[in-house]
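Data block below; observations after.
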Amino acid sequence: MKDFIIKYYDRMRDHLLEANAEDTDIESIAFEVDRLKEEYYNETDENTASTDSEFEEQDAV
């Protein structure tokens, strides 16, 4: 598992544990989860785009 996935997994786990506790503001946690999800997809897109370009100029096998 890549390091950036572990980082997001840990942060998401913390949000889920917080949401499970009593007296929590679910709306603020939902906002943080959406922001975290967006960050994850942005980083995933960046990593995917950078690896795709490595093979563009190579010959097919």
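These figures come from a predicted structure and were not determined experimentally. Just so you know, residue 1 is the first one in the sequence shown, and it goes up from there.
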- [ ] Find out whether E32 and M12 are in side-chain contact, i.e. whether some heavy atom of one side chain is under 4.5 Å from a heavy atom of the other.
- [x] no
Between the CG atom in D34 and the CD1 atom in I29, the distance rounded to the nearest 0.5 Å is 12.0 Å
Salt bridge D10-R13, side-chain N to carboxylate O under 4.0 Å | yes
Nearest heavy-atom approach of E18 to T24 is O-CG2, 2.8 Å
Notebook entry, point to check: Does the distance from a Lys or Arg side-chain N to an Asp or Glu carboxylate O, for R11 and E39, drop under 4.0 Å?
Noted result: yes
The reported gap from OH in Y8 to NZ in K37 (rounded to nearest 0.5 angstrom) is 14.0 Å
| query | Linking I/L/V/M/F/W/Y whenever any side-chain heavy atoms sit under 4.5 Å apart, do I5 and L36 land together? | reply | yes
Across all chains, not counting sequence neighbours, the salt bridge (charged side-chain N to carboxylate O under 4.0 Å, His left out) partners of D25 are none
Requested in this report: Salt-bridge test for R35 and E38: reply yes if a basic N is under 4.0 Å from a carboxylate O, no otherwise.
Outcome: no
